[in-house]
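In what follows, every heavy atom counts, from backbone to side chain, and hydrogens, waters and symmetry copies are set aside. Note that ligands are numbered from 1 as they come in the structure, with each ligand's atoms numbered from 1 the same way.
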Amino acid sequence: MLVDAHGRVLRDLRVSLTDRCNFRCVYCLPDSEAAAAFYRTKFTGARHPAPGAAPAWKPREEILTLEEIERLVRLFVALGIEKVRLTGGEPLLRQGVELLVGRLAALPGVKDLAMTSNGFFFPQKGRALRAAGLRRISFSLDSLDPANFKRITGRDGLRSVLASLALARELGLEPIKVNVVVIRGWNDHELEALTEFAHAQGLHLRFIEFMPLDAGRAWQRDLVVSGQEMLQRLQARYGLHAVAPAHPAETARRWGFPDGRGEVGIIAPVTEPFCGHCNRLRLTADGRVRTCLFSQQEHDLMPLLRGGATDDALQERIHGIVRLKEDRHHIGEPAFVQPARTMSCIGG
Ligand code: SAM
Ligand code: SF4
Ligand code: SF4
């Protein structure tokens, strides 16, 4: 078992398949004119993203091959990991993603194989992923208004994401989760519309507090709509009742509708941290283990992996890394330093 120095047993591995993405979400990888204007006018200290400038992607030879990912996941699972979530960047940009899903789904010990995607390419890839063994998917959907969707994500993609939701339902990938990063002044006016959409469509919505992991480094506390504020707005209006957590490590506080259709979850890592129950590890596309979203240190497995290390040697190294897992994040404290790499590289 993987147990850290604080007694937490790690069961959940997030694997980033690529640092590349076809979207430019303002809270993650901003480069649109709208994002640049917002950053310029609002934050003097922010690094203004140059509109249209391509982020510096990792060269392909530094990215784990599908075989290396499969080997590492097998080793992690042998150490007690049960849940594997494929993410990125945009995981559907990774060539051979269906192949990888098939191989991971076949690994004994993987109890739950899921994916987080922006949903743009799912209409083309969904059937093959389902056939390969994908059972759960989360999509990001920050707005139901095409113009605002484009403003937030930098791309004209709402129609594709809505098509993805329909296909995921047709393929039986339910419950379908939908992630919304809520940013004051950008999409907080859509909380009710998104909630009603989730109810009507029977989706499991997750409103997520904006975290300081954006490439623009423009995060500020007053842009965060707290979980409490979201709940106050929604609970009475929709008669929401608390849903008991299925597991102590669950990040979302979940709320059900009176007729039992759909669900709203609120993930409040900034204002109500849940680090005490954190059971997650992250593997970046370039083979580094991150023990916390906000780690200042990454642990590179590449030298062992490409240096001919045995499975035992790799597992011993993983055990050592896990012991270094941070007890909590320090957002809001004077000494807090945003990690060098952003969410698109870390794997959300
Ligand atoms: N590209 C895929 C997507 O957007 O779903 C997967 C990778 S993305 C990094 C994973 C999740 O991280 C998304 O749900 C996204 O909304 C969330 N995320 C990214 N940046 C964030 C931030 N600064 N604060 C909170 N959540 C963030
Ligand atoms: Fe891409 Fe996902 Fe980041 Fe948006 S949140 S820029 S879709 S990696
Ligand atoms: Fe886990 Fe770090 Fe997130 Fe806390 S901040 S829940 S320790 S990943």
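Protein heavy atom at the shortest distance from atom 21 (C) of ligand 1 is Tyr27 CD1, 3.6 Å. The single protein non-hydrogen atom nearest to atom 19 (C) of ligand 1 is Met343 CG, 3.2 Å, given as residue, atom name and distance. Considering only non-hydrogen protein atoms, atom 4 (O) of ligand 1 sits nearest to Ser140 OG, 3.1 Å. The protein heavy atom nearest to atom 24 (N) of ligand 1 is Met211 N, 2.9 Å. Nearest protein neighbour of atom 11 (C) of ligand 1, counting heavy atoms only, is Gly348 CA, 4.2 Å. Regarding atom 2 (Fe) of ligand 2, its nearest protein heavy-atom neighbour is Cys21 SG, 4.4 Å.
Side-chain contact between Ile69 and Leu17: present, with at least one pair of heavy atoms (C-beta onward) separated by less than 4.5 Å. Put simply, the side chain of Ser164 does not reach to within 4.5 Å of the side chain of Phe120, judged on heavy atoms. For the pair Leu64 and Met302, the minimum side-chain heavy-atom distance is below 4.5 Å. Under the 4.5 Å side-chain criterion, counting only non-hydrogen atoms from C-beta, Leu134 is in contact with Met115. For the pair Arg290 and His299, the minimum side-chain heavy-atom distance is 4.5 Å or more. Residues Val270 and Phe210 are not in side-chain contact: their nearest non-hydrogen atoms beyond the backbone lie 4.5 Å or more apart. Taking 4.5 Å as the limit, some side-chain heavy atom of Val322 sits within range of a side-chain heavy atom of Leu10.
Close approach of ligand 1 to Gly88 (heavy-atom distance below 4.0 Å) involves ligand atoms 7 (C), 9 (C). Annotation for ligand 3: atoms under 4.0 Å from non-hydrogen atoms of Phe274 are 6 (S). Per-residue contacts place Asn118 under 4.0 angstrom from the following atoms of ligand 2 (heavy atoms of the residue considered): 7 (S). Listed by atom number, the atoms of ligand 1 under 4.0 Å from Asn179 heavy atoms are 14 (O). Close approach of ligand 2 to Cys28 is summarised as follows: ligand atoms under 4.0 Å from at least one heavy atom of the residue are 3 (Fe), 5 (S), 6 (S). Ligand-side atoms of ligand 1 in range of Asn118: 2 (C), 3 (C), 5 (O), range being under 4.0 angstrom from any heavy atom. Interface of Glu90 with ligand 1, defined as ligand atoms under 4.0 Å from a residue heavy atom, comprises 1 (N), 2 (C). Interface of Leu29 with ligand 2, defined as ligand atoms under 4.0 Å from a residue heavy atom, comprises 6 (S). Annotation for ligand 1: atoms under 4.0 Å from non-hydrogen atoms of Thr87 are 6 (C), 7 (C). With ligand atoms numbered from 1 in the order given, ligand 2 contributes 5 (S) to contacts under 4.0 Å with heavy atoms of Tyr27.
One finds a salt bridge joining Arg328 and Glu333 here, because a Lys/Arg side-chain nitrogen approaches an Asp/Glu carboxylate oxygen to under 4.0 Å. Comment: Arg254 engages Glu250 in a salt bridge, judged by a side-chain N to carboxylate O separation of less than 4.0 angstrom.
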**Working for salt bridge (charged side-chain N to carboxylate O under 4.0 Å, His left out), residues Arg130 and Glu170** = CA-CA 11 Å; Arg130 177 69 175 89; Glu170 183 191 324; over 6 Å; no
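Contact annotation: for Cys25 versus ligand 2, heavy atoms closer than 4.0 Å belong to both the backbone and the side chain. Of the heavy atoms in Val181, only side-chain atoms (C-beta onward) come closer than 4.0 Å to ligand 1. Contacts of Ser138 with ligand 1, taken as heavy-atom pairs under 4.0 Å, are absent altogether.
By the 3.5 Å distance cut-off applied to N or O atoms, Ser344 is not counted among the residues near ligand 1. Distances between N or O atoms of Ser117 and those of ligand 1 include at least one value under 3.5 Å.
Residue contacts with ligand 1 do not include Arg206, since none of its heavy atoms lies under 4.0 Å from the ligand. Remark: distances from the non-hydrogen atoms of Gly89 to ligand 2 include one below 4.0 Å. Proximity of Gly89 to ligand 1 is established by a heavy-atom distance of less than 4.0 Å.
Checking Glu90 against Ser117 by side-chain atom types alone, a donor-acceptor pair falls below 3.5 Å. Judged purely by distance below 3.5 Å, without hydrogens or angles, the side chains of Ser138 and Arg85 pair a donor atom with an acceptor atom. A donor atom on one side chain and an acceptor atom on the other are found under 3.5 Å apart for Thr291 and Glu326.
The salt bridge (Lys or Arg N to Asp or Glu O under 4.0 Å) with Arg184 is formed by just one residue from the set Glu209, Glu229, Glu190; it is Glu229. Partner Tyr238 forms a side-chain hydrogen bond (donor to acceptor under 3.5 Å, both in side chains) with one of Glu192, Glu196, Arg233 and no other, that one being Glu196.
In this structure, His199 and Phe257 have parallel ring planes: the angle between them is below the 30° cut-off, well short of the 60° mark.
Closest of all the heavy-atom pairs between Leu293 and Ile346 is O-CD1, 3.6 Å. Among all heavy-atom pairs drawn from Cys278 and Lys325, the shortest one is SG-NZ, 3.1 Å.
Inspection of the environment of atom 2 (Fe) of ligand 3 yields the following protein N, O or S atoms under 2.8 Å: Cys292 SG.
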